[in-house]
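Numbered from 1 within each chain, the chains take letters A, B, ... in sequence-line order.
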There are 2 protein chains.
Amino acid sequence: MTAHPELTRNQSLVLRALDKADGPLSAYTILDRLRDDGFRAPLQVYRALEKLQEFGLVHRLESINAFVACAHPNCHGHAMIAFAICQTCGRVDEFSDEVVEERLGKWVSAHRFKPEKTTIEIRGNCAACAGLAERA
Amino acid sequence: MTAHPELTRNQSLVLRALDKADGPLSAYTILDRLRDDGFRAPLQVYRALEKLQEFGLVHRLESINAFVACAHPNCHGHAMIAFAICQTCGRVDEFSDEVVEERLGKWVSAHRFKPEKTTIEIRGNCAACAGLAERA
DNA sequence: CACATGAATGTTATGACATTACATCTGATT
DNA sequence: AATCAGATGTAATGTCATAACATTCATGTG
């Protein structure tokens, strides 16, 4: 458990929506799912998402403009996380790799580049969906 | 020189716009720069970009919704390319790393994931811009 | 208590990025 | 000439994200 402030109502609702979902959600999908809870405007979602990302509870998937709840909400703090995103079923696997991290870190320091955010996303088909495609 | 069909007028114009630019351009910025050449609608740009990406002459930077001309237009064919993107000056460095590629490849085959496109993007500040920030 | 302060929220409008749908043109082939 | 595929032109629409401004709420300080 890393220390972070109590979540506000909006933040809790957004996080719960992502937790309940079986895959990544767009901000507007989250908005639709929270209409009954009083959400009216995109900004309510984006503001909550921003904080949740700061707390490490939510990740943004840059390549598909969507958001997922962190798979390791109790041990967050990884500097670098990679995602495998299934384009068929929406499943997202989150993993980190020290060697990749070290290698990119070496490139970065060799070039005196100051990284702020690193994105590693592999889009394709998960084992189940790739298998289905083969049999078809 | 890898074999690819002759570029059409629109494709040439878009590629030239990206080549002349000193950094990544959004599709709408490209559109604006090609108004005098008869471009009127976003789709003209997006269609050209799609083909240019197929030919390996242009890359899309997922994390900033922009496009760059490939830095190695004569030896393209890399399966996996990483980008370091300076958020201050817009400079983009393109590189590939066999170890990173191998490591991600191992994860992927261990999980029987079939990758279609891999994105590796490091956003931050390049040496020059980070240096300026320090001195400020 | 009164009041200042900072954070979060609510709401409207707008900006930025991308695609659908449909019509037209062009060049190569038969 | 008829046909066909690929490229193009155009309008409309869809999707993602933020700016600007007003309001509310909790908290701490004089």
Could you state the CD-P distance from A:Gln11 to C:dG10, rounded to the nearest angstrom?
12 Å

OP1 or OP2 of C:dT9 versus the side-chain N and O atoms of A:Thr8: is any pair under 4.0 Å?
yes

Heavy-atom side-chain contact between B:Arg33 and B:Leu25 under 4.5 Å
yes

How long is the span from the CZ atom in B:Phe67 to the CG atom in B:Leu15, to the nearest 0.5 Å?
13.5 Å

Okay, side chain of B:Arg123, backbone of B:Cys86: is any donor-acceptor separation there less than 3.5 Å?
no

Length of the CZ-C1' vector between A:Arg9 and C:dA8, whole Å:
13 Å

Would a distance-only check, ignoring hydrogens and angles, find a side-chain to backbone donor-acceptor pair under 3.5 Å from B:Arg35 to B:Arg40?
yes

Rounded to whole angstroms, how far apart are OH on B:Tyr46 and P on C:dA16?
12 Å

Establish, with yes or no, whether the OP1 or OP2 oxygen of C:dG10 is under 4.0 angstrom from a side-chain nitrogen or oxygen of A:Gln44.
yes

Side-chain (A:Glu121) to main-chain (A:Glu62) donor-acceptor, under 3.5 angstrom:
yes

Between B:Arg47 and B:Glu50 (salt bridge meaning N to carboxylate O under 4.0 Å), is one present in this structure?
no

Side-chain contact test, heavy atoms from C-beta onward, threshold under 4.5 Å: evaluate it for A:Ile120 versus A:Met80 and give yes or no.
yes

Atom-pair distance (CZ on A:Phe55; C1' on C:dA7), nearest Å
11 Å

Which residue, A:Ala41 or A:Lys51, contacts DNA chain C at a nucleotide closer to its 5' end, judged by nearest heavy atom?
A:Lys51

Could you measure the distance from the CG atom of B:Leu34 to the CG atom of B:Asn10? Nearest 0.5 Å is fine.
8.5 Å

Write down the distance between CD1 (B:Ile64) and P (C:dC17), rounded to a whole number of angstrom.
10 Å

Contacts of type ring pair (Phe, Tyr, Trp, His ring centres under 6.0 Å), residue A:Phe83, not counting sequence neighbours:
A:His59

How long is the line joining CD of A:Glu62 and P of C:dA18, in whole Å?
13 Å

Give me the first and last nucleotide of DNA chain D, going 5' to 3', that has any atom under 4.0 Å from a heavy atom of chain A.
D:dC16 to D:dA20

Protein-nucleotide distance (A:Asn65, atom CG; C:dC17, atom C1'), rounded to Å
9 Å

Which of residues 22-35 of chain A have a heavy atom under 4.0 Å from DNA chain D?
A:Ser26, A:Tyr28

Distance in angstrom units between A:Leu43 CG and C:dT9 P, rounded
11 Å

